[in-house]
Amino acid sequence: MPLDELMKIRRAKLDEMYKQGINPYGERFERTHLAREIIENFDQLAETETRIAGRIMSFRTHGKASFADLADLSGRIQLYVRVDQLGEAKYEQFCKLDIGDIIAVRGRIFRTRRGEISVEVHDFLMMAKSLRPLPDKWHGLKDVEIRYRQRYLDLIVNPDVREVFATRSRVIHALRSFLLEQGFLEVETPMLNVIAGGATARPFVTHHNVLDMDLYLRIAPELYLKRLLVGGFEKVFEIGKNFRNEGVSTKHNPEFTGVEVYQAYADAADMMKLTEELVAHVAREVVGSTDVQFGDYAISLAPPWPRLPMLEAVKQYAGVDLSGIDDAQARKLAKDQGLEVAPDASYGQVLEEFFDTYVEPNLIQPIFITDYPVEISPLAKRKKDNPQLTERFEPFVVTWEIGNGFSELNDPIDQLERFRKQVEKRESGDEEAHMMDEDFITALEHGMPPAGGLGIGIDRLVMLLTNSRSIRDVILFPHMRPRG
RNA sequence: GAGCCAUUAGCUCAGCAGGUAGAGCACCGGACUUUUAAUCCGGGUGUCCCGCGUUCGAAUCGCGGAUGGCUCACCA
């Protein structure tokens, strides 16, 4: 039946309600129980009176007695209605209800002959009339486009989806309380930036009308958080959105949620420890174990995770030793292996290319890759024994990079030099290279304590803990093009 | 941004040697006072994603477009 006809029928029922003096859009209702509470505590609650509310999910009418399923946030419970309890008029009203209507019920808790815990309806009130049909009660909603665009339908009809987002909430809660307990201070820094820094990514541009100036949506909070280290906040973190004007994929949404953590007088090694403890803590709190199943993989998140220097990893997986060579030699090795790199690619970029191609696809169990080349790590402290490399690490699980951390560069002169290199790249067309942030240099010139910093991609962490293959399945309203 | 695939009733899906569209659920009417994917009887149905073309005839074939999915590229 076409949608407009289905809607007409419901509109007619709505009009009928008004005619009978019923308000189809009800008000405050005090519930005594949730569906799940009734089911879990049936032994104590049997034969008592309850007040519940929720959405009607299905009907089974039997003439003078009928059944319906009512769903609230906790789950579903069966309603039982009989004409000799409700009276003819009210019973008729009940039978005219539609799947999707939201009602409040007063009734008696009992168990049916078939053993189903139910509520015998003694009275009910309209909370909201539904004017549109719900998706199929048995098959649910499968059309992914509708699931994302009209997420509320997905949530009504597919209970496991609701569970994923409840888990997401618990992940963020666990993460936040873990950091707070360790004495970190939660802060908020600007999303509207004059300079988009702290990561290599293309930013979104927006415009401030009154000031008549373009602003960037932040790509990372890093440079603000480090200004706070200068200011004397020695342990800070921020949970929030970052915006990157780049491709959309199963692992990338234009806006995504991250946590960044900074700790004065710590270093990369401390942050690795913090990372593995934090992730293990979250897993324990949220799924009850550090063992999680992701697709075909049984993943153990229990610390400690192995540490593997990037050069070692490339030697191990690609069989190529890139240590102690210059840019030209590196490019030649890449060419020999059939890897495509830019004609002016630096040593660090070549190393990264080797890593991405040969190593990354193999990193299933959690591991820290360490010692990233300086050219691709403009904010990280150099290694004492090898200035080509930095004290930087990235945690990997199921082949995904789930974070990034390092010993923070606190030398303003080196930082300025690194920014200049980035600006050169920018001027030669690399839109992802850093912009010059003189104000940040000024901050460093006042003295920033040595510190460890860490960023974790929360969406990917949630994907891991909910066995979700697409980032869109862990973001309530993922980015979509407007419908044609 | 490129390649491949998908789009048919409110939902889930059939139909595709080209002959003008079907099922289940939902919906409407009827029977039924403990059912649970309730059952039984009866009923209605659509811009077959959009446009252009080929053809006597297009849901079906061709071209262009839209949206989505997957893979690749950039990245977290």
Side-chain angles (χ1 to χ4, degrees), chain A residues 1-10 12-13 57-69 76-86 91 96 98-100 110-118 120 130-150 153-154 156-158 198-202 219-220 241-260 340 352 356 360 376 394-396 400-404 430-432 455-461 463 469-473 478-484:
Chain A
M1 189 175 286
L3 177 61
D4 61 305
E5 267 183 65
L6 292 169
M7 287 185 69
K8 254 180 218 155
I9 291 163
R10 289 180 179 227
K13 290 179 179 177
M57 300 306 291
S58 65
F59 271 110
R60 291 174 293 284
T61 55
H62 283 261
K64 296 194 167 54
S66 296
F67 299 88
D69 290 324
R76 290 188 186 189
I77 190 157
Q78 178 170 265
L79 301 181
Y80 175 57
V81 213
R82 34 192 295 170
V83 66
D84 53 10
Q85 266 287 350
L86 264 182
Y91 184 77
K96 284 267 164 64
D98 284 305
I99 289 174
F110 77 112
R111 196 193 282 273
T112 63
R113 207 177 283 167
R114 294 289 178 99
E116 174 114 5
I117 294 167
S118 308
E120 183 185 64
S130 163
L131 298 176
R132 289 175 182 270
L134 238 39
D136 192 283
K137 65 173 175 187
W138 184 247
H139 298 96
L141 181 65
K142 291 189 177 166
D143 185 321
V144 284
E145 192 172 348
I146 301 176
R147 286 187 46 221
Y148 297 149
R149 287 190 197 276
Q150 293 177 273
L153 290 178
D154 195 24
I156 290 170
V157 148
N158 299 327
T200 48
R202 292 174 62 181
I219 55 176
K241 288 274 178 81
N242 298 320
F243 305 87
R244 299 192 184 170
N245 204 341
E246 288 163 351
V248 177
S249 80
T250 47
K251 285 183 224 61
H252 302 85
N253 198 59
E255 52 180 296
F256 64 99
T257 303
V259 57
E260 286 201 12
E340 276 193 39
E352 191 183 28
D356 290 350
E360 222 179 72
I376 59 168
E394 290 193 341
F396 283 83
W400 311 329
E401 191 185 336
I402 61 161
N404 183 17
D430 183 354
E431 291 184 71
E432 288 171 11
I456 294 177
I458 290 179
D459 308 280
R460 289 187 183 176
L461 183 58
M463 286 169 73
R469 273 144 216 81
S470 171
I471 198 167
R472 295 181 204 102
D473 291 327
H479 178 74
M480 292 268 139
R481 290 182 200 210
R483 235 177 302 218

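Throughout, a chain's letter reflects where its sequence line sits, starting with A, and its residues are numbered from 1. Nothing here was measured: the structure is a model prediction, and the numbers come from that model.
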Exercise. Think A:R472 has a side-chain N or O under 4.0 angstrom from the OP1 or OP2 of B:C70?
Worked result: yes
Problem set entry | Side-chain (A:R82) to main-chain (A:A65) donor-acceptor, under 3.5 angstrom | no
Problem set entry | B:U71 and B:U54, which share atom name P, separated by this distance in whole Å | 40 Å
Exercise. NA contact type, A:T61, heavy-atom cut-off 4.0 Å: base, sugar-phosphate, or nothing?
Worked result: base
For this session: Grab the NZ-P distance between A:K8 and B:G10 for me, whole Å please.
Result: 13 Å
Problem set entry | Partner of A:L3 by side-chain contact (heavy atoms from CB on, under 4.5 Å), out of A:M1, A:M7, A:E5 | A:M7
Seminar exercise, completed: Distance col, row A:R244:CZ vs A:R202:CZ, nearest 0.5 angstrom, shows 13.5 Å
Exercise. Taking atom P of B:A76 as reference, at what distance in whole Å does atom CZ of A:R202 sit?
Worked result: 14 Å
Exercise. Is there a donor-acceptor contact under 3.5 Å from the side chain of A:T61 to the main chain of A:G63?
Worked result: no
Exercise. Within the structure shown, what part of the strands sits under 4.0 Å from A:E116 by heavy-atom distance: base, sugar-phosphate, or nothing?
Worked result: base
For this session: Return yes if the base of B:U35 and the side-chain atoms of A:Q78 contain a donor-acceptor N/O pair under 3.5 Å, otherwise no.
Result: yes
Exercise. Which residues pass the side-chain hydrogen bond (donor to acceptor under 3.5 Å, both in side chains) test with A:D154, sequence neighbours left out?
Worked result: A:R147, A:R151, A:N158
For this session: Step through the shown structure and confirm whether more than 12 heavy atoms of other residues, nucleotides or ligands are within 6.0 Å of CZ on A:R111.
Result: yes
Exercise. Can you tell me how far C1' in B:A66 sits from the matching atom in B:C25, rounded to whole Å?
Worked result: 30 Å
For this session: Describe the nucleic acid contact of A:M480 in one word from base, sugar-phosphate, nothing, applying a heavy-atom distance below 4.0 Å.
Result: sugar-phosphate
For this session: Assess whether one donor atom and one acceptor atom, taken from the side chain of A:R113 and the base of B:U34, lie less than 3.5 Å apart.
Result: no
Exercise. Tell me: CG of A:D84 to P of B:U34, nearest whole Å?
Worked result: 11 Å
For this session: Could you measure between the two C1' atoms, the one in B:G44 and the one in B:C28, and give it in whole Å?
Result: 8 Å
Exercise. Under 3.5 Å, is there an N or O donor on one side and an acceptor on the other linking the side chain of A:D143 and the base of B:U12?
Worked result: no
Exercise. Quick one: is A:R60 getting a side-chain N or O under 4.0 Å of the B:U35 phosphate, OP1 or OP2?
Worked result: no
Exercise. Between B:C13 and B:U20, how far is it from one P atom to the other, in whole Å?
Worked result: 26 Å
For this session: Verify salt bridge (charged side-chain N to carboxylate O under 4.0 Å, His left out) between A:R60 and A:D69, making sure each step is shown before the conclusion.
Result: CA-CA 9 Å; A:R60 291 174 293 284; A:D69 290 324; 3.3 Å; yes
Problem set entry | Separation between the P atoms of B:G69 and B:G10, rounded to whole Å | 22 Å
Problem set entry | Touch class at under 4.0 angstrom, heavy-atom based, for A:F243 against every strand present | nothing
For this session: Please report, rounded to the nearest Å, how far the P atom of B:C74 is from the CZ atom of A:F256.
Result: 17 Å
Problem set entry | Rounded interatomic separation in angstrom, taking NZ from A:K142 and C1' from B:G69 | 15 Å
Seminar exercise, completed: Interatomic distance, OH@A:Y80 vs NE2@A:H62, rounded to 0.5 Å, equals 9.5 Å
Exercise. When the distance from CZ of A:R481 to C1' of B:G69 is rounded to whole Å, what number comes out?
Worked result: 13 Å
Seminar exercise, completed: The nucleotide from B:U12, B:A38, B:G69 with an atom nearest the side chain of A:H62 is B:A38
Seminar exercise, completed: Whole-Å distance, A:I77 CD1 to B:U36 P, equals 18 Å
For this session: Keeping the roles fixed (side chain from A:K96, backbone from A:K13), state whether a donor-acceptor pair exists under 3.5 Å.
Result: no
For this session: Quick one: label A:G457 by what it contacts on the DNA or RNA (base, sugar-phosphate, nothing), any heavy atom closer than 4.0 Å.
Result: nothing
For this session: Could you measure between the two C1' atoms, the one in B:C16 and the one in B:U7, and give it in whole Å?
Result: 15 Å
Exercise. Are A:F67 and the base of B:A38 stacked, counting only ring centres nearer than 5.5 Å and planes tilted under 30°?
Worked result: no
Exercise. Are any side-chain N or O atoms of A:N404 and backbone N or O atoms of A:E394, one a donor and one an acceptor, separated by less than 3.5 Å?
Worked result: no
Problem set entry | Stepwise side-chain contact (heavy atoms from CB on, under 4.5 Å) test for A:K251 and A:R460 | CA-CA 7 Å; A:K251 285 183 224 61; A:R460 289 187 183 176; 3.7 Å; yes
Exercise. Contact class for A:G140 vs. all strands (heavy atom < 4.0 Å): base, sugar-phosphate, or nothing?
Worked result: sugar-phosphate
Seminar exercise, completed: Readout for nucleotides 24-30 of chain B: B = base within 4.0 Å of protein heavy atom, S = sugar-phosphate only, - = neither; 5' to 3' it is BBSBS--
Problem set entry | Whole-Å gap separating P (B:U39) and CZ (A:R114) | 13 Å
For this session: With pairs defined as Watson-Crick or G-U wobble and both distances under 3.5 angstrom, please note down RNA chain B as a dot-bracket string, | for pairing with another strand.
Result: (((((((..((((.....[..)))).(((((.......))))).....(((((..]....))))))))))))....
For this session: Between B:A9 and B:A21, how far apart are the C1' atoms? Round to whole Å, please.
Result: 11 Å
For this session: Please determine if a side-chain N or O atom of A:S58 lies less than 4.0 Å away from the OP1 or OP2 oxygen of B:A37.
Result: no
For this session: With RNA chain B as reference, determine whether A:K64 or A:V248 sits nearer its 5' end, using the nearest nucleotide of each.
Result: A:K64
Exercise. With a 3.5 Å cut-off and no angle check, do the side chains of A:Y148 and A:D473 form a donor-acceptor pair?
Worked result: yes
Exercise. Is any side-chain N or O of A:R132 closer than 4.0 Å to OP1 or OP2 of B:G10?
Worked result: no
Exercise. A:N253 near the nucleic acid: base, sugar-phosphate alone, or nothing, with a heavy-atom cut-off under 4.0 Å?
Worked result: base
For this session: Pick the C1' atom in B:C48 and in B:U60, then give their distance to the nearest Å.
Result: 10 Å
